[in-house]
Amino acid sequence: MFDVVCAFGSRYKAPLFNQLRGTFLAKCVKETRQFVDGFRQTWRETGCTVMADGWTDRKRRTLINFLVYCPKVDSDERPAMGYLFGAFHASREEIVKRFQRKKELVKPFLKYIDARWDRHFDKNLHAAGFWFNPNNQYDNDLREKYNFTTSRVLDVIEKYAGKDIALRSALTREIKTFRNGEGDFGRSTAKNDRRYMLADEWWQTYGCSAPNLQKLALRVLSQTCSASGCERSWSYFEHVHSKKRNKLEHQRFNDIVYVHCNLRLRQRSKSSTRNYDPISLEEIGKGMKLGF
């Protein structure tokens, strides 16, 4: 190595320590960026959720963390958007049922639950997720019980289509095709898979009879219902920005977290071994215990 350096002559300027130290990180950033760019193309199909979370240190300095949620990498085994609305209402109804004789005792908890729902989750997008879930749409009791979700879906359609009158008309026409189970929606395999296939996969497989509604359904059902991605990111920041490493320059700090976070997501997506349904509404009543 010394012979090679000497061959350059006296005008050769050796790289600085920081340059040598950053070479490997720069390569990791480049490789990670190529990995992430491979998923950007899927956003045209599924859309993406931009999440932001802020943090203030003891000196009142603010750090805002922006993340892009990609359902192809950061999603759970069963994305929750198509199930959150139904799960919430089923859980609340089960609580009321279990504590019919102690209504006053459970009333403050129900009040808190309702306030939480009204503030954070009573949105058109969650209602649309429920409506687009075929397991809900073709259950006559559920469809009748939550028939107001159709109005919420129309709100989503109007916002999605904007001023495109032709697209609005096409979407409303295709609503009838979906609700009546016409075309590919009425296939025997489609009926069988309503219960067992992921809602977004079901739409991708059987939604060809309503291509415009299919595209909207995939976008809705692929969105996240949780800010857990932000929480994980903060844990990465805390791990990198420790007491012994609190003088990292901003760009280096950002690069380390960027690489660490995305490589962990890639590893997580490859090593998932869960073999049970993480969302099972049938088990809500069985899992509750009287704690009063």
Side-chain angles (χ1 to χ4, degrees), residues 49 71 75-157 159 175 178-181 185 190-203 213 216-228 231 274-292:
T49 301
S75 63
D76 294 322
E77 284 80 356
R78 185 178 289 270
M81 182 55 74
Y83 305 89
L84 180 63
F85 182 96
F88 171 84
H89 288 283
S91 300
R92 191 188 186 285
E93 291 170 3
E94 187 64 28
I95 292 174
V96 173
K97 178 181 177 182
R98 292 295 185 104
F99 296 97
Q100 288 182 349
R101 298 181 180 180
K102 300 181 179 180
K103 293 182 179 179
E104 292 301 319
L105 190 61
V106 78
K107 188 175 180 179
F109 296 94
L110 292 176
K111 185 178 180 180
Y112 175 81
I113 291 173
D114 292 341
R116 184 79 171 179
W117 175 262
D118 293 340
R119 183 177 180 182
H120 297 287
F121 299 106
D122 188 18
K123 310 297 181 183
N124 291 336
L125 194 62
H126 294 100
F130 173 88
W131 192 91
F132 279 120
N133 189 331
N135 197 36
N136 301 328
Q137 187 61 228
Y138 297 112
D139 185 314
N140 292 330
D141 293 335
L142 285 177
R143 189 166 69 175
E144 181 64 27
K145 187 175 184 179
Y146 301 111
N147 58 2
F148 63 89
T149 57
T150 301
S151 177
R152 302 287 187 87
V153 171
L154 293 176
D155 290 337
V156 172
I157 287 176
K159 185 175 182 179
I175 283 179
F178 172 49
R179 297 195 68 170
N180 294 340
F185 293 126
K191 294 178 180 179
N192 182 68
D193 289 338
R194 290 170 187 169
R195 184 180 180 87
Y196 303 105
M197 185 178 286
L198 298 180
D200 57 332
E201 292 182 358
W202 187 90
W203 268 95
L213 198 64
L216 177 58
L218 288 173
R219 285 178 172 268
V220 170
L221 295 170
S222 297
Q223 302 311 303
T224 181
C225 297
S226 172
S228 58
E231 297 299 327
R274 179 176 288 176
N275 57 4
Y276 62 90
D277 188 353
I279 303 177
S280 179
L281 302 187
E282 292 80 5
E283 301 297 323
I284 288 179
K286 298 179 182 179
M288 294 185 64
K289 296 182 180 179
L290 297 178
F292 295 94

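Legend: residues meeting salt bridge (charged side-chain N to carboxylate O under 4.0 Å, His left out) with K145, ordered by chain and number and at least two apart, are E93. In this structure, the side chain to side chain contact (heavy atoms under 4.5 Å, CB included) partners of N147, at least two apart in sequence or on a different chain, are E144. With sequence neighbours excluded, no residue satisfies side chain to side chain donor-acceptor pair (under 3.5 Å) with N124. With sequence neighbours left out, the ring-ring contact (aromatic ring centres under 6.0 Å, His included) criterion links Y138 to F178. The side chain to side chain contact (heavy atoms under 4.5 Å, CB included) test applied to R179 returns W131, Q137, R143, T150, I175, not counting sequence neighbours. Residues meeting the salt bridge (charged side-chain N to carboxylate O under 4.0 Å, His left out) test with E201, sequence neighbours left out: none. Residues that satisfy the side chain to side chain donor-acceptor pair (under 3.5 Å) test with N140, not counting sequence neighbours, are absent from this structure. Annotation: side chain to side chain contact (heavy atoms under 4.5 Å, CB included) contacts of L110 (sequence neighbours excluded): R92, I95, V96, V106. Shown here are the side chain to side chain donor-acceptor pair (under 3.5 Å) partners of D139, two or more places apart in sequence or in another chain: there are none. In terms of the side chain to side chain donor-acceptor pair (under 3.5 Å) criterion, R116 has no residue partners (sequence neighbours excluded). With sequence neighbours left out, the salt bridge (charged side-chain N to carboxylate O under 4.0 Å, His left out) criterion links R194 to no other residue.
In this structure, the separation between CG on D114 and CZ on R119 is 15.0 Å, given to the nearest 0.5 Å. Here CG of D118 is found 9.0 Å from NZ of K123. Values are rounded to the nearest 0.5 Å. Here CG of N135 is found 8.0 Å from CG of L142. Values are rounded to the nearest 0.5 Å.
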Assess whether side chain to side chain contact (heavy atoms under 4.5 Å, CB included) is satisfied between L105 and F99, documenting all intermediate values.
CA-CA 8 Å; L105 190 61; F99 296 97; 5.9 Å; no
Please test E94 against R98 for side chain to side chain contact (heavy atoms under 4.5 Å, CB included), starting from the C-alpha separation and ending with a verdict.
CA-CA 6 Å; E94 187 64 28; R98 292 295 185 104; 2.9 Å; yes
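When ring centroids are compared, F88 and H126 stay outside the 6.0 Å threshold. Between F185 and W202, the distance separating the two ring centers is shorter than 6.0 angstrom.
The environment of F148 atom CZ is dense: over 12 non-hydrogen atoms of other residues, nucleotides or ligands sit within 6.0 angstrom.
Residue A127 comes nearest to F85 through the heavy atom pair CA-CD1, 4.0 Å, listed as atom of the first residue, atom of the second, then distance. Of all heavy-atom pairs spanning Y196 and N192, the tightest one is CD1-O, 3.3 Å. Closest of all the heavy-atom pairs between A128 and V156 is CB-CG2, 4.0 Å. Contact between G82 and N136 at its shortest, heavy atoms only, is O-ND2, 3.7 Å.
In this structure the side chain of F130 never reaches within 4.5 angstrom of the side chain of R152, judged on heavy atoms.
Classification of the W203-F132 ring pair by plane angle, with boundaries at 30° and 60°, yields perpendicular.
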